[in-house]
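Note on naming: letters A, B, ... go to the chains in the order of the sequence lines (proteins, then strands), and numbering restarts at 1 for each one.
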Amino acid sequence: MSATATSTFDVTTSWRLHPRVSLRPEPFGALAYHYDNRRLNFLRSPDLVDLVKILGDHPDPRAAFDALSLDPSRWSSFEKALAALAASDFLQPV
Amino acid sequence: MPALTDELKLGLDAPICLTWELTYACNLACVHCLSSSGRRDPRELSTKEAIGVIDEMRALQVFYVNIGGGEPMIRPDFFELVDYATTNGVGVKFSTNGSRIDRERARELAAMEYLDIQISVDGANAATNDHVRGEGSFATAISAMDELAAADFGPFKISVVVTRENAGQLDDFEALANQYGAELRLTRLRPAGRGADTWHELHPLQEQQVDLYHWLLARPHVLTGDSFFHLNALGDENLPGLNLCGAGRVVCLIDPVGDVYACPFVLHDEFKAGNVRDEGGFAKVWKESALFTELREPQSAGACASCGQFDACQGGCMAAKFFTGMPLDGPDPECVSGHGEHALANVGVEMRPISTNDHSKPVRVALSKTRV
Ligand code: SF4
Ligand code: SF4
């Protein structure tokens, strides 16, 4: 799993899954593969998988959390996970 | 949340690290060849069958495959297969001894996308390398690197199996890689294939293992294919990687005749799970074979259970234990706490498994006893 870089992750803008990233369903969530930088990431919760799929349809990540009715107590952990994905280029600003 | 390692031990829906050996044919006869390659097997997959295997990989979302052999470039349909895979979402990394990479082929390779090349050398100079890989093989590998560089291939990989003879040359390998802007990849010598006969003389000594562990810790960018996790028992810090034996869980091998084994280093009937030609193909073997199901069940730590380092080193490599005739639920023969050496001393030669899959050419190059 890539290093977290929360500082560079802007929660006020819209993000989406990089178009060169593929998701493969796995018992624990999904395996994500980036065809450009050839890195793998483990998305270790089904909610996180749903989240990255719909992220691009929302003006910012928190709107996506709302749309999935994710409990606010879990938001910070999802933000951390998204920041890690953004740091390895798995997410990109829309 | 359970640790990632624990989740991976239960197995994935498709492998992460899938090795596919395209042919048993090889122009070299390395003394430690893990697949005892040399002669082509008449039952090897046809082009059509190989395309079918790639279609299965695509359907299973196997994002990339590690192609090897034998010498994979010997197959007349090599470029056709690589091209088919990479244009269908299955990236390719292939290992070669470099003998088939001339100017024209280097250009052809440089024009392909989603392709990684790994050139094998097992010494930082001709004397050390050729001692295990054969006369002239170092020059051949260097010439292939020169051609790739001239064709602007970009960063390829230089792949080294760490042995007793080259363990002192790690800095030289790093310099060689830097010279070409290449990535260095170091992997562990396993007693598999012809390596079963030469491992006892070639595997690194304990003090070399300690040096290697620190050398790798200081260089997280050096690739290792997660092969040295048994060294994690040496300190508080783990080497980067998944830290588990992935055999049948995240790793497997398809051999040239389509047999599916739990990992590239266990080409033996005991670890054969099925064949891609069977009904249901590779997917069924991966998902349902009795062997892989068993490997995904909780494994006993056996004699390692009482060792405080088990979490760090997981008891090491199954293949290394199997081919040295040691119990699979005990310490690795290269256990850094010295338990393997001790156990190994009690294993007679007659207890080592007999190869069930040897494609060596009739005259084998023996490892000479002379020191390099
Ligand atoms: S005894 Fe087993 S767990 Fe302990 S260091 Fe050796 S191989 Fe690893
Ligand atoms: S048997 Fe050894 S080489 Fe094969 S996956 Fe396990 S640890 Fe790796």
Set of residues satisfying side chain to side chain donor-acceptor pair (under 3.5 Å) with respect to B/Y213, sequence neighbours excluded: none
In terms of heavy-atom proximity below 4.5 Å to chain A, should B/L60 be classed as side chain, backbone, both, or neither? backbone
Atom OH of B/Y114 and atom CZ of A/R38: how far apart are they, to the nearest 0.5 Å? 8.0 Å
Could you list which of residues 22-34 of chain A have a heavy atom closer than 4.5 Å to any heavy atom of chain B, in residue-number order? A/S22, A/L23, A/R24, A/P25, A/E26, A/P27, A/F28, A/L31, A/Y33
Decide if atom CD of B/E237 counts as having more than 12 heavy atoms of other residues, nucleotides or ligands within a radius under 6.0 Å. no
How would you list, by chain and number, every residue that makes a side chain to side chain donor-acceptor pair (under 3.5 Å) with B/D55, sequence neighbours excluded? B/Y84
Scan for salt bridge (charged side-chain N to carboxylate O under 4.0 Å, His left out) pairs involving residues 57-74 of chain A, sequence neighbours excluded, and state none if there are none. A/D47-A/R74, A/R62-A/E79
